[in-house]
Participant: 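Dumping the structure here so I can ask a few things about it.
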Amino acid sequence: MSLDVRATARETSRHEPVIDLRRQVVLPGDQALFLSESVEGLDEGAHFLDALTPEEQERLRSHGRRLPFLPGKAIFTQGDAHGGIFIIEAGQVRVFYTAPSGREITLAYWTAGHFIGGPEMTGGGAHIWSAEALSDCRILFLPAHTLKTLLVEMPTFALSLLQGLAAKGRCYSAMAQMLGTRSVIERLAQFLINLGDLHGVRDGRAIIINAKVTHDQIAAMVGSTRQWVTMMMKRFQKDGLLTVTPRHIRIERPQALLDMVSKTGR
């Protein structure tokens, strides 16, 4: 809950700031995104290979297979056998779980530097969720047998992978805590706050979320339905919390959303 609701001297002056909204972000933008109580630490896992020397990183790449994926293509599918891990070198990936009813929940959006394909990284078992490319992606695939060899021969890589797994664990723990302890309306308010922190542009006391996001995407993130999200967004507009246009979501009263999450406003 880190929206800065204070107006700057410029914002409170007689001359309103010029708002530049030409570069609209397509969700998730250039860093990871998942359901969390703040935006802190969202992208920690993107740096799990930073401890490797250039030579070690080159060796890692030489043992993998580079795979291109077009937008909408499945990288792996829930129920497929595990065969290794996928390191995102470029592009954006959505990871999601599909219930027997067919309803989907987005677990996370991952970007360059992150790996996907866990938790069974060295083979065995089946994927318990799916991953699809959101944009043109370049993926480095490390097969299970290659991964085992590298883990033995490159201790720095083994340690780096453990740190990457720890970051993934914190991600899914944050999501589980939100789903288990927050009401769906609180999750919606927190998600809007997070989008404002990540992609917000100031306009006086208001915050314009300069990102392309659909009600379907919001519903899959907060664990609800598109119909419910549409209804709540209309309610938020009626209450003066938001203004929604075809291009943007404008948070008119950031403090009201913060109060909703902290329950001080209820």
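Please read all numbers here as calculations on a predicted model, not as lab measurements.
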Participant: Go through the side-chain N and O atoms of His63 and Thr146 and say whether any donor and acceptor fall under 3.5 Å apart.
Facilitator: no

Participant: With distance as the sole test, does Thr77 use its side chain to make a donor-acceptor pair with the main-chain N or O of Asp80 at under 3.5 Å?
Facilitator: no

Participant: Any heavy-atom pair between the side chains of Leu60 and Leu142 that's under 4.5 Å?
Facilitator: yes

Participant: In Å and rounded to the nearest 0.5 Å, what is the CG to CZ distance from Asn210 to Arg247?
Facilitator: 7.0 Å

Participant: Is any NZ, NE, NH1 or NH2 atom of the basic residue among Glu104 and Arg94 found under 4.0 Å from an Asp or Glu carboxylate oxygen of the other?
Facilitator: yes

Participant: If two hydrophobic side chains count as joined below 4.5 Å and joins carry through other members, does Leu33 share a cluster with Val26?
Facilitator: no

Participant: Does the side chain of Pro68 reach to within under 4.5 Å of the side chain of Asp136, using non-hydrogen atoms?
Facilitator: no

Participant: Any side-chain heavy-atom pair from Leu140 and Arg65 closer than 4.5 angstrom?
Facilitator: no

Participant: For Phe141, is there any backbone N or O sitting under 3.5 Å from a side-chain donor or acceptor partner on Arg66?
Facilitator: no

Participant: Is a donor on one side and an acceptor on the other found under 3.5 Å between the side chain of Gln78 and the backbone of Thr98?
Facilitator: yes

Participant: How many angstroms lie between CG in Leu107 and CG in Leu35, if you round to the nearest 0.5 Å?
Facilitator: 10.5 Å

Participant: Kindly write out the residues that satisfy salt bridge (Lys or Arg N to Asp or Glu O under 4.0 Å) with Arg61, not counting sequence neighbours, or none if the list is empty.
Facilitator: Glu89

Participant: Quick one: does His199's side chain have a donor or acceptor within less than 3.5 Å of a partner on Gly29's backbone?
Facilitator: no

Participant: Check whether any side-chain heavy atom of Val244 sits under 4.5 Å from a side-chain heavy atom of Arg250, and report yes or no.
Facilitator: no

Participant: Distance check, rounded to the nearest 0.5 Å: Leu52 atom CG versus Leu159 atom CG?
Facilitator: 9.5 Å

Participant: Under 4.5 Å between any side-chain heavy atoms of Leu42 and Leu198, yes or no?
Facilitator: yes

Participant: Give a yes or no on whether the backbone of Gln92 and the side-chain of Ser135 come within a donor-acceptor separation of less than 3.5 Å.
Facilitator: yes

Participant: Would Ile207 and Val201 count as a side-chain contact (heavy atoms from CB on, under 4.5 Å) here? Give the steps.
Facilitator: CA-CA 6 Å; Ile207 296 173; Val201 177; over 6 Å; no

Participant: What are the two closest heavy atoms between Ala174 and Ser36, and how far apart are they?
Facilitator: CB-OG, 4.2 Å

Participant: Hey, could you give me the CZ/CG distance between Arg235 and Asp239, rounded to the nearest 0.5 Å?
Facilitator: 6.0 Å

Participant: Hey, does Phe34 have a side-chain heavy atom less than 4.5 Å from the side chain of Thr106?
Facilitator: no

Participant: Verify whether the ring centers belonging to Phe86 and Trp110 lie closer than 6.0 Å.
Facilitator: no

Participant: Return yes if some donor-acceptor pair links the side-chain N/O of Glu56 with the main-chain N/O of Thr53 below 3.5 Å, else return no.
Facilitator: yes

Participant: Just by distance, no angles: are the side chains of Ser173 and Gln177 close enough, under 3.5 Å, to form a donor-acceptor pair?
Facilitator: yes

Participant: When rounded to the nearest 0.5 angstrom, what is the spacing between CG in Leu195 and CD1 in Ile249?
Facilitator: 7.0 Å

Participant: Do Phe48 and Phe115 have ring centroids that are under 6.0 Å from one another?
Facilitator: yes

Participant: Does atom CG (Asp216) have a neighbourhood of more than 12 heavy atoms from anything else shown, all under 6.0 Å?
Facilitator: yes

Participant: Just by distance, do the side chain of Ser224 and the backbone of Ala220 share a donor-acceptor pair under 3.5 Å?
Facilitator: no

Participant: If we ignore angles and hydrogens, is there a donor and acceptor under 3.5 Å between the side chains of Thr243 and Glu252?
Facilitator: yes

Participant: Which atom names give the shortest non-hydrogen contact between Ile185 and Met232, and what distance separates them?
Facilitator: CD1-CE, 3.2 Å

Participant: Who are the salt bridge (Lys or Arg N to Asp or Glu O under 4.0 Å) partners of Arg170, not counting sequence neighbours?
Facilitator: Glu44

Participant: Would you give the length of the straight line joining atom CD of Gln237 to atom CE of Met233, rounded to the nearest 0.5 angstrom?
Facilitator: 7.0 Å

Participant: Can you find a heavy atom in the side chain of Arg138 that is under 4.5 Å from one in the side chain of Ile88?
Facilitator: no

Participant: So, does His248 use its side chain to make a donor-acceptor pair with the main chain of Ile209 at under 3.5 Å?
Facilitator: no

